[in-house]
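Just so you know, these numbers use all the heavy atoms, side chains as well, and skip hydrogens, waters and symmetry mates. When a ligand or atom number is given, it counts from 1 through the structure's own listing order. Since the model is a prediction, treat every value here as computed from it, not as a measurement.
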Amino acid sequence: MSFTIKENIDWVGKIDWELRKFHGEEYSTHRGSSYNSYLIRDEKNVLIDTVWAKFSGEFVENLRKEISLEKIDFIVANHAESDHSGALPELMRLIPETPIYCTVNGVNSLKGHYHQNWNFKVIKTGDKLSLGSKALIFIEAQMLHWPDSMFCYLTKDNILFSNDGFGQHYASEQMYNDLVDQAELFQEAIKYYANILTPFSMQADKKIKEVLALNVPVDMICPSHGVIWRKDPLQIVNKYIQWANNYVENQIAIIYDTMWDGTRRMAEAIAKGITEADKTVAVKLFNVSKSDKNDVITEIFKSKAILVGSPTVNKGILSSVAGILEEVQGLKFKHKKAAAFGCYGWSGESVKVISERLKSGGFELLNDGVREKWNPNAEGIENSTKFGREIGLKLKSDAD
Ligand code: FEO
């Protein structure tokens, strides 16, 4: 499959409808993904990025139908991660002298992956590669999301090739933002940002503003995953600016696991209390052992506060809760509030353990948390409802 996105510019990538996990088993991809590769034909022909290695045979075969491989003058590797560089070994076996344009970190990473001395051409921000009637201008995009990442901008056609930036793990035969379900598209875009880009929000904000300050027209943004932004392409740029700047919605996420339903009953009582205090706030409950981790992280990203609960086990917390706290710590969320809860039978450390993890993860603790001994009775449940009510009121008054 290939299609023309503009005269002399073709998409030559791969739509991966089957993908359900990405980065090993780390990232859920409920709607598949695509690995977008682009072929630009001018006096010189350039290929931007490739596809994941498992599709390299199919990719090269399709590419051959588009162009005789010897006629590819340049390859641009915007990012060295295997989902974009995976077909390079197969392609370079056939056209070994073709120059590969990438950042200095891109060279290190590609050499580290494939152990080949290909004909690398190192670029820096502002460098220009003339294709004849138009040119590619390179923009280093360090930490968006790897040290080697870069964008490139095609003059005359005004297209930004943004690699992972502005991408979504979203398979679609339509391939354009205006042709797909908007709720699905933005769900996948925010999930991508929350799970991949959150730790690099400062760099994202700075880079986007740097690109906007160039004041160049952008008619299309072509990422390397998901659909192409052709209708109002800057809408996703504006979303990224919002997401990069301590984004919150009027939402509280309650994240817990439970052994004998005590902590679950506390979670539900806390939710009731919050809703009694503030009918406008969205309260969402997730038993982490039954929920998709990346979906939960997306909801944490959207929340102004999270309440995390676990019963005490072996003087600590359940491994499912420990796992999500580990993820959350690495993502470096900012300007979010939190509190802990949980029930216990003997020693009762869980609330303290969770509170400490939340604090070291950069959350502002709302209080010391709440815990109940054994399976909470009516008084214990009311205590959790009161805890929820107090948090609901506090967060409501903070917002007013
Ligand atoms: Fe789509 Fe960072 O690879």
Legend entry - Minimal non-hydrogen separation, Ser33 against His169, with atom names: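 Taking every non-hydrogen atom into account, OG-ND1, 2.7 Å.
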Legend entry - Pairing of Arg357 and Glu326 as salt bridge, 4.0 angstrom limit: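 Salt bridge present between Arg357 and Glu326.
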Inset, instruction - Scan for salt bridge (charged side-chain N to carboxylate O under 4.0 Å, His left out) pairs involving residues 282-293, sequence neighbours excluded, and state none if there are none. - result: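 Of all non-adjacent pairs touching residues 282-293, those that pass salt bridge (charged side-chain N to carboxylate O under 4.0 Å, His left out) are Glu26-Lys293, Lys284-Glu299, Lys293-Glu327.
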Inset, instruction - Could you check Lys394 against Glu390 for salt bridge (charged side-chain N to carboxylate O under 4.0 Å, His left out), going step by step and ending with a plain yes or no? - result: CA-CA 6 Å; Lys394 178 165 175 32; Glu390 284 168 3; over 6 Å; no
Inset, instruction - Taking 2.8 Å as the upper limit, name the protein N, O or S atoms near atom 1 (Fe) of ligand 1. - result: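 Near atom 1 (Fe) of ligand 1, below 2.8 Å, one finds Asp83 OD2, His84 NE2, Asp164 OD1, His225 NE2.
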Inset, instruction - Please check if the side chain of Thr4 supplies one atom and the backbone of Glu7 the other of a donor-acceptor pair under 3.5 Å. - result: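 No; zero donor-acceptor contacts below 3.5 Å.
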Legend entry - Sole residue of Phe166, Phe151, Tyr38 in ring-ring contact (aromatic ring centres under 6.0 Å, His included) with Phe161: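 When ring-ring contact (aromatic ring centres under 6.0 Å, His included) is applied between Phe161 and each of Phe166, Phe151, Tyr38, only Tyr38 qualifies.
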